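Each chain gets a letter, A, B and so on, in the order the sequences are listed, and its residues count up from 1. Quantities reported herein were computed from a predicted structural model and do not represent experimental measurements.
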Amino acid sequence: MTDTYPVIASEAAPVDEQPQDATISRRQVLNRFAWLSAAATGGVALVGPAVTSAAAAAAPRPPIVDRVRPEALADPTELTIAEAVTLILQGRLRPVALAAAYLDRIEEFDGVYQAYAARPSRADVLAAAAAVRIDSRNLLTGVGLAPKDNYYTKGLLTEAGSLVFEGFVPEYDATAVARMKQQGGVVLGKAQMGNLAGGRATVPGTLIPTTRNAWTPDDVRYSPSGSSSGTATAVAARLATSGIGTQTGGSITGPGQAQGLTALKPTFGRVSLHGVVPLTFVRDHPGPLARDAMDAAIMLQALAGPDPNDPRSQGLPEPPDYIRAATPQGSKRPRMRFASRIGVWPGYLTSGAADVRARRGAMARVLEDVGGRMVGELALPDDWSVLSGVLNGSTGDPTAPFVEHLRRDVRLFADRLPRFLNGMLQSADSYLKVQQGRLLLLQRFLDQVFDKCDLVLGAPSDAFDGTGMPLLTFPIGLVTETTTGLQVPTGGILGARPYGEERLLSAVSAYQAVTGFHLQRPPDPRTGVARVARAAVGPRAVTTIAPVGLEAIAQQ
Amino acid sequence: MPEPVTPPPPTDAELDTYIRTRYALLGIDISVLPASDPAAVMDQQRLLSNARGILRTEVAIANAEIDSQFHPPALYPSALSAWTRED
C-alpha cells in the first residue's frame, strides 16, 4: 500500500449505512425515465414524478486534509480542491495567490495547450478571487475552475466552439456556474470544446485542431478527446484545479480517460442544464472533470440539486453526502465505504492492446483488494444489439432548438451540420420507438444486470448515456500510444444504477487510496511556448501558433 | 386476396430529391454548400450521403419490434389517483 491519498479525518461508516441507489424503488426510476421521454416527445415542462429515498444529508462541508503533499505546497497549481480549500481555510493560502499562480501558468503555457477559448482579464480574475468570502461552509473557496464553453457565463464570451454562437455574451450564468461561484469558486476562463459538443476542439468553422492533450503538448496528433477537450486539458495541465463538462455521448468520460482524470457523469437530472447550450433534451449530462475522486465528489456536491429553472432536475432524491462517500474507511487498510458487487462488461478485461489489458486486469485486482466483490463477466441484456444500437440513437434530438440557426446559414454548423439537420428526417413513429427502446433498455439493465452486481466495470458509455445512468472514469496507468509512441494515460470506467454516484465514488476513492496513478502529472510543453495577452482572449487569438504535426492532421 | 408486393427500394437520386424537398419545405438552403469538395469542412455530397444513411436507419428502426403491450411498471398509487383520492 502506498500512502498517496490525502488522509481525511473520518469515522467508520455505520453498519446500516446504505448508498442512495439501494434505497430507491425500481418502479420510481422507470416511471421518472418514462416521464422524461414523454416530456421530450410532448415538449412539456412539467415536473416529473418524484423519486423518494432515505433522508438527505445535512449540507456537507469541505473535507479538511490532514497532510497536504509537499509538491502541492511548493506549487499551488498542484493542489487538489480538498488541499486548496484546507490551506485557504487555515489561512495558509490566499485565494488571490492561488488565482495568480494559475494565471501565471496559463499565460506561460496556454499558447501551446490552447485549453481556453476565452478568459476574463487578469485583473477581473484577481478581483473575483479577492472577493471570495472565506467561509468553512463553502465547498470551493478560492478554487480556480474551467467550465466548458457551452455553459452560459454572465458577461463572458460563450461560443460553444461554433460559429453559430460567435460573439454571444450571455446575460446570466448557467445554474451550474452560478452554484460554483456561490460556493467560492473562481472562473479562470471558458474551456475550448468540440463544435457544438461534438469531437475534439477545433478552430470554429474549421477542422483545424486547437486544444492539445496535456500529456502530448508537443504533438497535436494525439487527441485530447472531446467534446470537453479544453476542460480536461486545463485540469490535467494544471491550468485549473477542476472543471465542468457535458456529456451526451462520452464527452466527459472520454476526455477524462484520455488525460488521466477522475471524471464523473452523474445521473441524468442530478445537475441542472439551465443555461447550457443544448444538444438533446434527454441525454445531456453536466458533470465534473477532476484530479481525484474526492475532488469529483466535492464538485458534484456543489453542483447537484433541484433547480427551479430546469424541471428535469426536480423530483429527484435529495443529494446525499458525496464527500463522505468518497472518504474510504480505514487509513491503514483503506476499504470502500460501500462494499459493492462488481460485474465485468463482456470483453472488457480480455480485449484491446496487451498493455491496456494488463492495466485493466491490475485495476480489477486492486478493486477487489479494497472491498469490491467481483462477480465475473456479465451477460448482455436481452435484445442488446437492437436496444443499444438503432433504438439508442438521438438523431431526432438536436434539430428543434436550432431551426432558426439552420435557416440563417447552414455553413455555421461546419462539420456538425448533419447532426443538427438530420433530425428533420426522423419520423414521429421512429422517434417514439426510440424513446420506448431507451426505456426498455433501462429496464433490462435494472432487471438483468444490476440484479447481479452494483457496479459495472467497463460500462458501455453509449448505453449509460442513453439511459441516464452514472459513470465514473479514473486513471489506471500509462500505456504506449501507437501513433506518437508516447506514454499516455489509460482509464478505467465504472457504471452504476441511477443515483449510484456514492457507490462509484466509494469504489474509486478506495482504489486511489492504495494507488498513485491519479497523482501522475504530464510534463510541461517543450516547444512553441507563447505568451497570451493578459487582456480578454478570443477563440481565434489563441489559435495562431503553428502546431506541431498539424500538416499530418490535415492530410488525414 | 392478392399477395403483398414490396415496392422497389428508392434510389439515391430519389432519396436526394426527398431530402432536398424536406429541407426546402422548412426554409433551409443547402445550396450554399459546395456541391462536392473534399477539402471543404462540409459539402452537399457528404450531407446528402449522411442523410440517406439516416433514412435507411429509419427502416431498421421500423423493423425493430417492441411488444406493443410494453409499459414501465406503474406506481401504486399513481400520482393522479393520489390527488383525486380515487383507487
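The shortest heavy-atom contact between B:Phe70 and A:Gln443 is CE1-OE1, 3.0 Å. Between B:Leu33 and A:Arg411, the shortest heavy-atom contact is CD2-CG, 3.7 Å. Nearest heavy atoms, B:Leu26 versus A:Arg407: O-NE, 2.6 Å. Minimum heavy-atom separation, A:Val390 to B:Ala60: CG1-CB, 3.9 Å.
Put simply, NZ on A:Lys433 and CD1 on B:Ile61 are 8.5 Å apart, with the number rounded to the nearest 0.5 Å. Note that the CD1 atom of B:Ile54 and the CG atom of A:Leu421 stand 10.5 Å from one another [nearest 0.5 Å]. With rounding to the nearest 0.5 Å, the separation of CD1 in B:Ile66 from CG in A:Leu432 is 9.0 Å. Taking CG of A:Asp429 as the reference point, atom CD of B:Glu58 lies at 7.0 Å (rounded to 0.5 Å). The distance from atom CG of B:Asp29 to atom CZ of A:Arg408, rounded to the nearest 0.5 Å, is 14.5 Å. We find the OH-CG distance between B:Tyr23 and A:Leu406 to be 9.0 Å, quoted to the nearest 0.5 Å.
Heavy-atom contacts from other residues, nucleotides or ligands closer than 6.0 Å to CD of B:Gln45 number 12 or fewer.
The shortest side-chain heavy-atom distance between A:Pro418 and B:Met42 falls under the 4.5 Å cut-off. B:Ile28 is listed as a side-chain neighbour of A:Met424, based on a closest heavy-atom distance under 4.5 Å.
The parts of A:Ser430 that come within reach of chain B are both its backbone and its side chain, each placing non-hydrogen atoms under 4.5 angstrom from that chain. When heavy atoms are compared at a cutoff of 4.5 Å, A:Leu391 approaches chain B solely by way of its side chain, counted from C-beta outward. The contact between A:Ala34 and chain B is made entirely by side chain atoms (from C-beta outward), counting heavy-atom distances below 4.5 Å.
For the options A:Val410, A:Asn422, A:Leu439, heavy-atom pairs under 4.5 Å to chain B are most numerous at A:Asn422. No other option in A:Leu442, A:Val434, A:Asp383, A:Asp415 has as many heavy-atom pairs under 4.5 Å with chain B as A:Asp415. The most heavy-atom pairs under 4.5 Å with chain B, out of A:Asp409, A:Leu417, A:Val386, A:Leu387, come from A:Leu417.
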Evaluate the side-chain contact (heavy atoms from CB on, under 4.5 Å) criterion for residues A:Arg419 and B:Asn50: first the C-alpha distance (whole Å), next the side-chain angles of each, then the deciding distance (0.1 Å), finally the verdict.
CA-CA 9 Å; A:Arg419 179 81 168 101; B:Asn50 191 295; over 6 Å; no
